[in-house]
2 protein chains.
Amino acid sequence: MSELAKPTLDDVARAAGVSTATVSRCLNAPDLVIAATRERVMQAVEALGYTPDFGGRALASRRTNTVGAIIPTMDNAIFARGLQSFQEALSRFGKTLLVASSGYSPAREREQMEVMAGRGVDGMLLIGSARPEASVEFLRRRGIPFLGAWNLGGEDGYFVGFDNRAAAAGLTEAVLARGHRRLAMIAGITYMNDRAADRMEGVRSAAEQAGIGADQLPVIEAAYTFDDGAKAFGELMALSPRPTAVLCGNDVLAVGALQKARELGLRVPEDVSITGFDDIDLASVVDPKLTTVRVPHNRMGEAAAEMLIKLISKQPVERRIEIPTEIIERGTLGPPPADPAV
Amino acid sequence: MSELAKPTLDDVARAAGVSTATVSRCLNAPDLVIAATRERVMQAVEALGYTPDFGGRALASRRTNTVGAIIPTMDNAIFARGLQSFQEALSRFGKTLLVASSGYSPAREREQMEVMAGRGVDGMLLIGSARPEASVEFLRRRGIPFLGAWNLGGEDGYFVGFDNRAAAAGLTEAVLARGHRRLAMIAGITYMNDRAADRMEGVRSAAEQAGIGADQLPVIEAAYTFDDGAKAFGELMALSPRPTAVLCGNDVLAVGALQKARELGLRVPEDVSITGFDDIDLASVVDPKLTTVRVPHNRMGEAAAEMLIKLISKQPVERRIEIPTEIIERGTLGPPPADPAV
DNA sequence: ATATGGAGTGTAAGCGCTTACATTAGTTTG
DNA sequence: CAAACTAATGTAAGCGCTTACACTCCATAT
């Protein structure tokens, strides 16, 4: 019941009648110790309720079995889901997760990098690739292996993620195939957010391909909230000629748009089509259900864990792993209205 | 560009021409060092790109400035949101968050406790109070301060959370006030989950109060998915007499129920009323919008961080902080049908 | 002038662990 | 049967940091 002094390796060694080295070996490389001794040691460990001290271990071995993840925010289903899978996979490899959030700020991300570096993380998971070169340099200097996730990055570095650009282009093509010519987009904020930027690029390039120039494709950037999506949608609907299809950078914006459409008395998809991106739970709960792009965040989390583990243990790895996405056609995409209102 | 050996306190001391003790003091208690010296040291720190080594520091000071949180899963909006706020608040106090998930298993929770204890966390955040006594005992023995969150716990221990029982009872009273007499409940799984159990208890006691015994109140426990909510709702609707109001243990179940109702051709709330719990984003996105109980997870996360910090620094704290909840009446609760189908 | 005290800094002893190397005992081999 | 291994364990040197204590000044009190 009382707050016992924490037992140390020394205590265990004394109790088992062996040296500290032997105890250490029992814990880290059991094969080196003969069975009888090992058993005696393990009994002592059990009896004393010993658990190794992390600080001592980290100091002596120069390893921490810890990996860090810096995400924009946990309060976003897509990161939460990915992170959960990442953590589970890590845990299977005996690694612990250190989590920090940057709130989408490169400066805060850098701060957190330094905190984590100081804690001796063996590796680090970052989101995307849009960050100051100095931050990347910092990690390299420290020799900390790291990974960009959620997209596929640029020239160098390791990545596991999605081809956001191609997926957005694919979806746009599906919209065009239905006969829409007057498209519009509600994009996520693209500043220092390559996922949002890539999706925007994808839509633009597919439109261009179909002969719809950037000047004929209104785009509004909106923050990750229903309200901002709704507001942007309202602005788009006030345009003349009015777009017949609105592509949204994510499902949250799309749901906001959907709500606004109802409010405006516009039927979806009869009067206007709306598409999302991510396929979060929300997407199949609204009415009509969202036509969107499925992005398997949990598979990505797992793949990221595996890749990072390999990087840490210096096993060979591919530079980038692409997780395939999939267009999910549900109820919010239809043909354009026969006689579109102007 | 090359992978430099990480600079140590010694390097800084040498560069600044002082002893390691002085450097350490500059970093931890700057007031003890005269300005001129401090400046010289800080310059050396900057020049070498020094960051303190966590292992060394933890070993020498017996403090880690780390707190652990063990939650069932991040992949659940309510925990993700609470954890995000918790982490932000912690970060303001210079603490880092170690996250692990138990997947709702007491055994895995215990494992994670040991991992975290080994890492020398200064304190720990747990969810609820339903866990084997041995787990609690373990933490006490180790002298690790901890906190139950998301509910208000039992006799001893510290808690910051909600009175799930009272909130559920309050909602039930609102339902009864509309004239419903034939209630039913879709509860979360109550095994080792005090939040789910308390909510169930709350509904039962309020019903009892109104003369509706447990035998007249069908309850189905369902896992945290739309499908399970839908399935349970289907079973409930097959009952005779059919319930006129279905109280759900959380919003996810309620949304599942809502979908099933539509599928069955039942109008909500004209034919049957449905209520949720938590007020996650989903609740105000479905149609009609969910009548539910708002549970401010972010305020709770913050309060939890403050409480834990106090506990760690041995400041006096109240044993429990209750975060008030609020009934949000939206569209899924109405009066019972005049001539209820049987 | 001498004693006193406080401020600033240095010295050095660990914190609990891992691991290179040394030692011992037991097993093969020529 | 001695030499040469091999396997199991012990010895002890740190890993990078904090901090109790010691020391040196120099301002102030006597």
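Quantities reported herein were computed from a predicted structural model and do not represent experimental measurements. Just so it is clear: chains get the letters A, B, ... in the order the sequence lines come, proteins before strands, and each one is counted from 1.
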Could I get a table of every N or O pair under 3.5 Å where one atom is in the protein and the other is in nucleotides 6-11 of chain D?
from	atom 1	to	atom 2	distance (Å)
dT9(D)	OP1	Thr37(A)	OG1	2.2
dT9(D)	OP2	Ile34(A)	N	3.0
dG10(D)	OP2	Ser19(A)	N	2.9
dG10(D)	OP2	Ser19(A)	OG	3.1
dG10(D)	OP2	Thr22(A)	OG1	2.6
dG10(D)	N7	Arg25(A)	NH2	2.8
dG10(D)	O6	Arg25(A)	NH1	3.3

For Arg119(B) and Thr66(A), which I'm curious about, is there any donor-acceptor pair between the side chains at under 3.5 Å? yes
Answer with yes or no whether the side chains of Arg110(B) and Ser105(B) bring together a donor and an acceptor at under 3.5 Å. no
Do NZ/NE/NH1/NH2 and the carboxylate oxygens of Asp53(B) and Arg62(A) come within less than 4.0 Å? yes
Mind checking whether Ile127(A) and Pro72(A) have side chains closer than 4.5 Å, heavy atoms only? yes
Listed once per pair and sorted, the side chain to side chain donor-acceptor pair (under 3.5 Å) pairs that draw on residues 126-136 of chain B, sequence neighbours left out: Glu109(B)-Arg131(B), Ser129(B)-Asp194(B)
Would you mind reading off the bend of the helix from dA1(C)-dT30(D) to dG30(C)-dC1(D) from its two end axes, five pairs each, to 10 degrees? 40°
Hey, where on DNA chain C does chain B first and last touch, going 5' to 3'? Cut-off is any atom under 4.0 Å from a heavy atom. dG8(C) to dG16(C)
Minimal non-hydrogen separation, Pro316(B) against Lys310(B), with atom names: O-CD, 4.0 Å
Using a heavy-atom cut-off of 4.0 Å across all strands, would you classify Ser24(A) as base, sugar-phosphate, or nothing? base
Base, sugar-phosphate, or nothing: which does Phe54(B) touch, judged by heavy atoms less than 4.0 Å apart? nothing
Under the ring pair (Phe, Tyr, Trp, His ring centres under 6.0 Å) test, which residues partner Phe79(A), sequence neighbours left out? Trp150(A)
Kindly write out the residues that satisfy ring pair (Phe, Tyr, Trp, His ring centres under 6.0 Å) with Phe54(A), not counting sequence neighbours, or none if the list is empty. Phe54(B)
Tell me whether Arg320(B) forms a cation-pi arrangement with Tyr158(B), defined as NZ or CZ under 6.0 Å from the six-membered ring centre and within 45 degrees of its axis. no
Interatomic distance, CD@Glu88(B) vs CD@Glu302(B), rounded to 0.5 Å, equals 7.5 Å
